[in-house]
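Below: the structure, in structure tokens.
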Amino acid sequence: MIEITNLVKNYGTKFAVDDISFRVGKGEIVGFLGPNGAGKSTTMNILTGYLSSTSGEAKVGGIDILENPYEAKKLIGFLPEQPPVYPDMTVDEYLNFVYEIKHCKLNREKHLMEIRMVTKIDDVRHRLIKNLSKGYRQRVGIAQALVGNPPVIIFDEPTVGLDPKQIIEIRNLIRNLGQNHTVILSTHILSEVQAVCDRIVIINEGKIIADEKTENITRVVEENRKYNVKVCGPQREVQAAIKGIPGVVEVEATGERDADSYTFQVEAEKGNDLRKALFYAMSEHNWPIIGLEAVGMNLEEVFIKIMDADLARKR
Ligand code: ADP
Ligand code: MG
């Protein structure tokens with residue numbers, strides 16, 4: 001759905017984007033992760049036709065954004081870093097304005113109502129945008145991106161400046177959008193991509209340093225795997241049985257108790273996926289596993305390691 005090939009953008013001698021290539025398939029939610037100044041906004045602005053590239057190619061739905069900007073832009077809903085809202089309009093006036101400039105053909109009443117519902121802004125539809133809280137204003141920004149129901153959604157740092165509750169709401173909204181849209185979002189927050197995205201593209205100093213499925217990103221660095229496993233059974237015996245599974249480095253009772261079950265943190269040897277072995281070992285004793293999740297997916301650490309590895313390569 002999105003193809004970026006050898007994209008370069010330089011400002012004088014400064015390469016904001018330095019030979020980036022990646023693809024996003026239909027229906028994927030891809031996170032563009034990188035520190036401030038990495039080149040995320042520049043890439044997104046080129047992809048959405050807001051900025052020209054120095055060289056390289058950006059295509060959306062097979063359409064080149066430079067050759068055919070009008071057709072390509074019809075496929076994209078974009079939330080720029082600074083949402084393009086008009087403070088002196090009401091939410092309704094603004095969405096109608098966007099509907100018109102996009103030459104939207106969908107049933108106006110129905111379409112705008114649906115957008116107000118999914119973005120949860122119906123209750124403020126008659127308010128002036130300048131009087132809205134940052135969270136609502138951001139949702140209005142998202143609403144404008146959804147006008148015309150474009151198949152591709154591009155959000156540049158959609159949760160910046162929001163409080164934790166608003167962040168969760170926006171993430172849920174994005175996840176829901178991902179069910180029938182192709183989504184790219186940028187962020188410098190690692191847990192954000194982890195929570196929302198199928199795939200993570202890590203960018204640093206204008207270059208892609210990792211492009212992985214979210215669950216695989218930890219494999220980029222060699223780390224012992226950890227699991228939280230919740231088992232119904234006698235605490236000591238369960239712990240001893242887990243300890244006896246080949247490949248287990250350590251088992252700790254987390255102290256978390258829930259009726260007749262206990263949670264243990266199990267550390268596995270490098271590259272050893274213990275989940276099946278855990279299942280068989282526990283079922284031998286008739287101790288049901290009622291929860292099992294991988295932990296230690298600390299993207300913060302992963303990110304630092306990947307960047308270090310990248311630096312080491314350059315040296
Ligand atoms: P991000 O969105 O990842 O924070 P940007 O794409 O905004 O990063 O910026 C990438 C780099 O390009 C930064 O070093 C930034 O200072 C530089 N840059 C962006 N826009 C301009 C510009 N108009 N003129 C000069 N440098 C720019
Ligand atoms: Mg940016």
Side-chain angles (χ1 to χ4, degrees), residues 2-24 29-60 65-66 69 72-73 76-85 134-135 137-142 144-145 152-162 166-167 170-171 174 183-197 199-212 214 217 299-300 302-311 314:
I2 295 169
E3 295 165 80
I4 289 193
T5 315
N6 303 119
L7 200 69
V8 174
K9 177 74 182 182
N10 64 313
Y11 296 103
T13 57
K14 162 95 198 164
F15 284 81
V17 170
D18 191 359
D19 197 11
I20 277 184
S21 302
F22 70 94
R23 265 147 221 275
V24 181
I29 307 186
V30 170
F32 218 39
L33 174 69
N36 289 324
K40 303 182 295 295
S41 295
T42 306
T43 305
M44 295 183 136
N45 287 334
I46 293 170
L47 186 55
T48 50
Y50 275 62
L51 195 67
S52 66
S53 57
T54 306
S55 64
E57 215 179 50
K59 283 187 180 173
V60 177
I65 189 85
L66 269 185
K73 280 183 186 180
I76 303 171
F78 182 35
L79 175 73
E81 209 161 19
Q82 306 291 335
V85 292
K134 170 81 184 157
R137 220 174 297 165
Q138 194 71 352
R139 277 188 270 179
V140 173
I142 291 175
Q144 88 35 63
V152 175
I153 303 282
I154 299 181
F155 289 160
D156 194 355
E157 308 245 9
T159 60
V160 156
L162 304 185
Q166 294 167 334
I167 288 175
I170 299 279
R171 284 182 188 169
I174 293 171
V183 182
I184 303 189
L185 66 94
S186 76
T187 176
H188 61 277
I189 304 160
L190 302 147
S191 54
E192 186 138 295
V193 279
Q194 188 180 6
V196 177
C197 302
R199 215 174 90 214
I200 303 180
V201 175
I202 300 181
I203 174 171
N204 187 44
E205 293 180 358
K207 287 191 157 70
I208 289 177
I209 59 171
D211 181 345
E212 290 279 339
T214 304
I217 200 89
L299 279 170
E300 213 94 42
V302 172
F303 189 34
I304 290 163
K305 282 193 184 168
I306 290 170
M307 292 221 286
D308 284 349
D310 189 52
L311 282 175
K314 280 188 205 146

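Just so it is clear, the model here is predicted, and its values are computed rather than measured. We count ligands from 1, going down the list as the structure has it; atoms in each ligand are counted the same way.
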What's the verdict on side chain to side chain contact (heavy atoms under 4.5 Å, CB included) for D18 and E205, showing C-alpha distance, side-chain angles and the deciding distance? CA-CA 8 Å; D18 191 359; E205 293 180 358; over 6 Å; no
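- Within the 3.5 Å criterion, the main-chain N or O of L7 finds no donor-acceptor partner in the side chain of S53.
- Taken from OG1 in T42 to CD1 in I20, the straight-line distance is 9.0 Å, to the nearest 0.5 Å.
- Put simply, the side chain of K9 gets close to the backbone of S52: a donor and an acceptor are under 3.5 Å apart.
- Interatomic distance, L162 CG to I167 CD1, rounded to the nearest 0.5 Å: 5.5 Å.
- Protein residues with a heavy atom under 4.0 Å from ligand 1 are Y11, K14, A16, P35, N36, G37, A38, G39, K40, S41, T42.
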Given V30 and I2, is the side chain to side chain contact (heavy atoms under 4.5 Å, CB included) satisfied, shown in steps? CA-CA 11 Å; V30 170; I2 295 169; over 6 Å; no
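- Protein-derived N/O/S atoms nearer than 2.8 Å to the Mg ion (ligand 2) total 2, waters excluded.
- For S186, the side-chain hydrogen bond (donor to acceptor under 3.5 Å, both in side chains) partners are D156, not counting sequence neighbours.
- Listed by chain and residue number, nothing satisfies the salt bridge (Lys or Arg N to Asp or Glu O under 4.0 Å) test with E81 (two or more places apart in sequence, or in another chain).
- For the atom pair CG (L47) and CD1 (I65), the distance works out to 6.5 Å, reported to the nearest 0.5 Å.
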